[in-house]
Each structure stands twice: as C-alpha cells, then as structure tokens.
Trainee: 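Following this message is one structure expressed as structure tokens.
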Amino acid sequence: MARVISAAFRKRNLQASGGTVYNPASTSEEAKIVQTDRFKFLDKAAIIVDPSELNDQGMARNGWRLCSLQQVEHLKCLLGVLPVWVTGICGFIVMDQQNTFGVLQAVQSNRSIGPHFKVPPGWMNLTSMIALSFWIFIYECVYIPLARKLSIKAPRLAMKKRINIGILLSILCMLVAAIVEKQRRDLALKHGLFVSPLSFALLLPQFALSGLNEAFAAVSIMEYFTLEMPESMRTVAGAIFFLSLSIANYMSSLIVNIVHKITSSNGKTSWIGGNDLNHNRLDCYYYVIAALGALNFIYFNFFGCRYCDKDKDNLKTEAQREHSNVVGESSEPNDEEKALDITGTTKRAT
C-alpha cells in the first residue's frame, strides 16, 4: 500500500487515463479484479510510462515506481471502507461505556436477590450477550422464515438500515443510562448511602440496548468489510474491525480525560472521577456521549451511507441462498453469519 502511494506521487503529473496499465494477473482471484473509477489518482501508480520499467519477464523492476492494478485496487478497497469504519468507532465508544461506567453503576446499586445472594457487578455484561443472542434468534429463526413465506424479495434488512438502527439504539442506550443514573444518585444522596437503594434491575435496559447496538451496527459493519474486500484481503477486513474496537477504547479514555479536565476547572467537582459516583455527574457525561452518537448518526446519513448501499448485494445473496435451499446444496456460512460469529467472539473476549 505504501508502494502504491509512493508510485502515484512520483507520477502525479501524468494523466490518470490513456496509458497502458500494468496488470500481471497471476491467480484466478486476481484476474477477476477490474479497474474501478474511484480514487482515480491512485491509478497513476499502475501506468507504464517507459517500457524500461519492466524486465525481460514483463515484471516491474522497481515496485516503488510501478505497481500492479491489483495492488492499486486493494488500496482503493481499504480507502473505500474508511468512512463506514469511522462510524463503527463511534458506535463502539457507546459499548465501551457499559463495560466500564455501567459496571460501576451496578457496584453502587442494590444488587440483592433475596436475603442471601447479590448479583456480581461483572455479570451485568451478560445482559448484553443475552440481548444479542435473543435478537439473532428472532431475526434468523422467526423474521427471515416469515418474510420468505410472505414472498418478500429481500427479507434481510438492508445494511444501511441496520447500521442506522444500531446508531439510534446507541443514542437511546446513553439516554436511558443517564436517566437511570440520575435516579440512582438522587436516592443515594437522599438516604446518605454509598450504595443506592435503586435496584440493579433498572440498569438492565441500558445493557440490553448496548447488546442490540452490537447486533445491528457492529455485525453490519463487519459484514460490510467482508463484502467490500476481495478474498485475498479478508484477513485485513477482520484486522481493521478489531482495530476500530481498540481505537474506540482509546477514544473513550480521551473523552473521559477531556470531560474531567473541563468540568473540574475553577475548583468545580468533576462529572467523572474518584471512587464514588454519588459525588459525580455521570448522567451528564452520558448525555455528552449521546450527543456524539447523534453527530455520528448525522455523519453516517450524510456521508458514510454512500459507501454501504448493499441492497443489490442483499438481493443477489438472498437469491443464491434460496437457490441452494431448493436444490439441497450445502452452503458455506454467509457473510452476515460470519460477522455474527466474529462479533460474538469479541463479546466473549471482552
């Protein structure tokens, strides 16, 4: 990828069209790659300016001056998924809040079930996993078969629609978390207790919404990466998905530090910080994250969604799946099922 950028920069004064393109297809998979019209300036890296750029076998003498069409198109694929990739990072920031502050809320809530048992705070994340699993069952075992019986051409929800639903669920998750946190804090201060009398059960909806956010947005984004990348770059698709999770964690830490610094200025009590949520304003922090989710929704609908219009792909995939079911062929897991498996592995690891 660095070679493509270098070669394109060296040939920046050339016309992107009209020249002979270096296209040594060595495998059947590479032979299927065709030149696309996006990011035309990168095509200059594959233009043969002088026959001396090739050796006697017709191969490039210097990979930093002349790149193959396959290399150029691979870089285009990576650049093409970046707008949706940014959307995924913002969505994962919401999921990260429940893994940290959501658990802290549970620590300072009434976790008693009967006189002899208290729910461990770490168990709250099971709610997200259960919500994710429940949606998979409803979607795959109830909605899809019912839609097929009703002869709906594309029973699977469009990728753009699923990502939008996931973003809206992430915003709703933060709003619910803020409302519940204010009630928890007010009750704790009213009774002068470290552990609020508010039941932990009122925290379950926000964890469930976090799991549904993953079911819609995270799975769809992973599916999008898998569909956009050629077969030789499927490992890159998985890598950039997990990279977005890592960046989301770092972004969450950055946001926490910024909010802490701003709200603690002039001797004021910080919204977040310390070991007692009752002295903080975690609800206000949740509203800030909800606002970021709203900006993410606007960004995706005005810019990012242009790159993930997969309605035609859904129709084609569904038709192929129906054909396999009719002839009784055994089929490999589809891209959405692979995405569900990958994100499920992520949730278990978390």
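Remember, it's a predicted structure, so these values are computed and weren't measured experimentally. This chain uses plain numbering: 1 for the first residue, then up along the sequence. All heavy atoms count here, side chains included; hydrogens, waters and symmetry mates do not.
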Trainee: Tyr285: what forms a ring-ring contact (aromatic ring centres under 6.0 Å, His included) with it, not counting sequence neighbours?
Mentor: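 Here the qualifying residues are Phe101.
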
Trainee: Return each pair, listed once, that meets side-chain hydrogen bond (donor to acceptor under 3.5 Å, both in side chains) where at least one residue sits in residues 185-199; pairs must be two or more places apart or across chains.
Mentor: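 Checked against side-chain hydrogen bond (donor to acceptor under 3.5 Å, both in side chains) - neighbours excluded - the pairs reaching residues 185-199 are Lys182-Asp186.
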
Trainee: Please test Val21 against Asp43 for side-chain contact (heavy atoms from CB on, under 4.5 Å), starting from the C-alpha separation and ending with a verdict.
Mentor: CA-CA 8 Å; Val21 177; Asp43 292 339; over 6 Å; no

Trainee: Give a yes or no on whether the ring-centroid distance for Phe241 and Trp85 is below 6.0 angstrom.
Mentor: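 Distance test on ring centres: not under 6.0 Å, no.
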
Trainee: Hey, does the side chain of Arg38 reach the backbone of Gly80 with a donor-acceptor pair shorter than 3.5 angstrom?
Mentor: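 No: the side chain of Arg38 does not pair with the backbone of Gly80.
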
Trainee: Do the side chains of Ser112 and Phe117 get nearer than 4.5 Å, heavy atoms only?
Mentor: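 Side-chain contact under 4.5 Å: no.
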
Trainee: Which atom pair, heavy atoms only, marks the closest approach of Gln108 to Asn275?
Mentor: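 Nearest heavy atoms, Gln108 then Asn275: OE1-O, 3.8 Å.
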
Trainee: Treat each ILVMFWY residue as a node, draw an edge where side-chain heavy atoms are under 4.5 Å apart, and state whether Val195 and Leu202 are in one component.
Mentor: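 The answer is no; the residues belong to distinct hydrophobic clusters.
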
Trainee: Specify the closest pair of heavy atoms between Ser270 and Asn280, including all atoms of both residues, with the distance to one decimal.
Mentor: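 Of all heavy-atom pairs spanning Ser270 and Asn280, the closest is O-OD1, 3.5 Å.
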
Trainee: Would Phe242 and Leu227 show up in the same hydrophobic cluster when neighbours are defined by side-chain heavy atoms closer than 4.5 Å?
Mentor: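 Same cluster: Phe242 reaches Leu227 through Ile, Leu, Val, Met, Phe, Trp or Tyr contacts under 4.5 Å.
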
Trainee: To check you understand the geometry: which heavy-atom pair defines the closest contact between Lys76 and Phe39, and what is its length?
Mentor: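 Closest pair (atom of Lys76, atom of Phe39, distance): CE-O, 3.5 Å.
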
Trainee: Are Leu78 and Ile240 packed together at the side-chain level, in the sense that at least one heavy-atom pair is separated by less than 4.5 angstrom?
Mentor: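 They are in side-chain contact.
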
Trainee: Leu82, Val84: one ILVMFWY side-chain cluster at the under-4.5 Å cut-off?
Mentor: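 Yes, Leu82 connects to Val84 through the hydrophobic network.
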
Trainee: With no hydrogens and no angle check, is any side-chain donor or acceptor of Gln71 less than 3.5 Å from a backbone partner on Ser68?
Mentor: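 A pair under 3.5 Å: yes.
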
Trainee: Locate the shortest heavy-atom distance separating Leu69 from Ala46; write the atom from each residue and the value.
Mentor: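 The answer is N-CB, 4.2 Å.
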
Trainee: Does any part of the side chain of Ile48, heavy atoms only, come nearer than 4.5 Å to the side chain of Leu54, both counted from C-beta?
Mentor: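 Yes; the side chains approach each other to less than 4.5 Å.
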
Trainee: Could you tell me whether Arg281 and Glu181 make a salt bridge, using a distance below 4.0 angstrom between a side-chain N and a carboxylate O?
Mentor: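 No, no charged N to carboxylate O under 4.0 Å.
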
Trainee: Donor-acceptor pair, Lys268 side chain versus Thr263 backbone, under 3.5 Å?
Mentor: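 Flag not set: sc Lys268 to bb Thr263 has no pair under 3.5 Å.
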
Trainee: Considering only residues two or more places apart or on different chains, which pairs with a residue in residues 45-62 satisfy salt bridge (charged side-chain N to carboxylate O under 4.0 Å, His left out)?
Mentor: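 Salt bridge (charged side-chain N to carboxylate O under 4.0 Å, His left out) check on residues 45-62 returns Lys11-Glu53.
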
Trainee: Taking atom CD1 of Ile138 and atom OG of Ser133, what is their separation to the nearest 0.5 Å?
Mentor: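 Ile138 CD1 to Ser133 OG: 12.0 Å, rounded to 0.5 Å.
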
Trainee: Is there a donor-acceptor pair closer than 3.5 Å between any side-chain N or O of Ser170 and the backbone N or O of Ile167?
Mentor: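 Flag set: sc Ser170 to bb Ile167 pair under 3.5 Å.
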
Trainee: Quick check: do Ile93 and Leu292 have side-chain heavy atoms less than 4.5 Å from each other?
Mentor: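 The answer is no; the side chains never approach within 4.5 Å.
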
Trainee: Please answer whether the main-chain N or O of Leu193 pairs with a side-chain N or O of Asn278 as donor and acceptor at a distance below 3.5 Å.
Mentor: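 Side chain of Asn278 to backbone of Leu193: a pair is present.
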
Trainee: Does the side chain of Trp271 come within less than 4.5 Å of Leu282's, by heavy atoms?
Mentor: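 No, too far: nothing below the 4.5 Å cut-off.
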
Trainee: How many angstroms lie between atom CG of Asp37 and atom NZ of Lys40, to the nearest 0.5 angstrom?
Mentor: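 Asp37 atom CG to Lys40 atom NZ measures 5.0 Å (nearest 0.5 Å).
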
Trainee: Could you grab the distance from atom CZ of Phe207 to atom CG of Leu212, nearest 0.5 Å is fine?
Mentor: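 Spacing of CZ (Phe207) from CG (Leu212) equals 14.0 Å.
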
Trainee: Tell me whether Asn213 contacts the main-chain N or O of Leu209 through its side chain, where contact means a donor paired with an acceptor under 3.5 Å.
Mentor: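 No; zero donor-acceptor contacts below 3.5 Å.
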
Trainee: Is there a side-chain contact (heavy atoms from CB on, under 4.5 Å) between Leu126 and Trp123? Walk through the geometry before answering.
Mentor: CA-CA 5 Å; Leu126 290 174; Trp123 284 17; 4.2 Å; yes

Trainee: If you compare all heavy atoms of Ala45 against all heavy atoms of Val72, which two are closest, and at what distance to 0.1 Å?
Mentor: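 Minimum heavy-atom contact is CB-CG2, 4.2 Å.
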
Trainee: Are Met1 and Leu66 connected into the same hydrophobic cluster when the rule is that any two of I, L, V, M, F, W, Y join if their side-chain heavy atoms are below 4.5 Å apart?
Mentor: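 The answer is no; the residues belong to distinct hydrophobic clusters.
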
Trainee: Report yes if the distance between the aromatic ring centroids of Phe9 and Phe41 is under 6.0 Å, otherwise no.
Mentor: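 Phe9 vs Phe41: aromatic centres not under 6.0 Å.
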
Trainee: Stepwise, does the side-chain contact (heavy atoms from CB on, under 4.5 Å) test hold for Ile163 with Phe216?
Mentor: CA-CA 6 Å; Ile163 295 177; Phe216 280 93; over 6 Å; no

Trainee: If hydrophobic residues (ILVMFWY) are linked whenever their side-chain heavy atoms come closer than 4.5 Å, directly or via other members, who joins Phe302 in its cluster?
Mentor: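 Ile298, which link up through side-chain heavy atoms under 4.5 Å apart, make up the rest of the cluster.
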
Trainee: Quick one: do Glu214 and Ser128 satisfy side-chain contact (heavy atoms from CB on, under 4.5 Å)? Show the steps, please.
Mentor: CA-CA 9 Å; Glu214 181 179 3; Ser128 301; 5.6 Å; no

Trainee: Would Gln206 and Gln105 count as a side chain to side chain donor-acceptor pair (under 3.5 Å) if you check the C-alpha gap in whole Å, the side-chain angles of each, and the deciding distance to 0.1 Å?
Mentor: CA-CA 11 Å; Gln206 66 193 63; Gln105 285 180 274; 2.9 Å; yes

Trainee: Are any side-chain N or O atoms of Tyr224 and backbone N or O atoms of Lys160, one a donor and one an acceptor, separated by less than 3.5 Å?
Mentor: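 No, because the side chain of Tyr224 does not come within donor-acceptor range (under 3.5 Å) of the backbone of Lys160.
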
Trainee: With a 4.5 Å cut-off on side-chain heavy atoms, are Val94 and Ser210 touching?
Mentor: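 With C-beta onward as the side chain, the pair stays apart.
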
Trainee: At what distance, to the nearest 0.5 angstrom, does OG1 of Thr87 lie from CG of Asn301?
Mentor: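 Between atom OG1 of Thr87 and atom CG of Asn301 there are 9.0 Å.
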
Trainee: State, with a plain yes or no, whether a side-chain heavy atom of Leu277 is found less than 4.5 Å away from one of Ile272.
Mentor: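 Result no, sub-4.5 Å side-chain heavy-atom pair not found.
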
Trainee: Considering non-hydrogen atoms only, spot the tightest contact between Ala290 and Met174 and give its length.
Mentor: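 It is CB-CB, 3.7 Å.
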
Trainee: Distance from Lys261 atom NZ to Asn257 atom CG, nearest 0.5 Å?
Mentor: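 It is 9.5 Å, given to the nearest 0.5 Å.
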
Trainee: Backbone N or O of Val119 within a donor-acceptor pair of the Arg111 side chain at under 3.5 Å?
Mentor: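 Pair found, side chain donor or acceptor close to backbone of Val119.
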
Trainee: Mark yes or no for whether Arg162, through its side chain, and Leu157, through its backbone, hold a donor-acceptor pair below 3.5 Å.
Mentor: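 Answer holds: yes.
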
Trainee: With a 4.5 Å limit on heavy-atom distance, are the side chains of Phe92 and Asn249 in contact?
Mentor: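 They are not in side-chain contact.
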
Trainee: With sequence neighbours excluded, tell me which residues meet side chain to side chain donor-acceptor pair (under 3.5 Å) with Ser246.
Mentor: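 Side chain to side chain donor-acceptor pair (under 3.5 Å) check on Ser246 returns nothing, list empty.
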
Trainee: Could you tell me the separation between the CG atom of Leu104 and the CE atom of Met124, rounded to the nearest 0.5 Å?
Mentor: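 Going from CG on Leu104 over to CE on Met124, the span is 12.0 Å.
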
Trainee: Do Tyr22 and Leu42 share a hydrophobic cluster (ILVMFWY, side-chain heavy atoms under 4.5 Å, transitive)?
Mentor: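 Unlinked, Tyr22 and Leu42 end up in two clusters.
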
Trainee: Please identify each residue that fulfils salt bridge (charged side-chain N to carboxylate O under 4.0 Å, His left out) with Asp96, with sequence neighbours left out.
Mentor: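 Not a single residue meets the salt bridge (charged side-chain N to carboxylate O under 4.0 Å, His left out) criterion with Asp96.
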
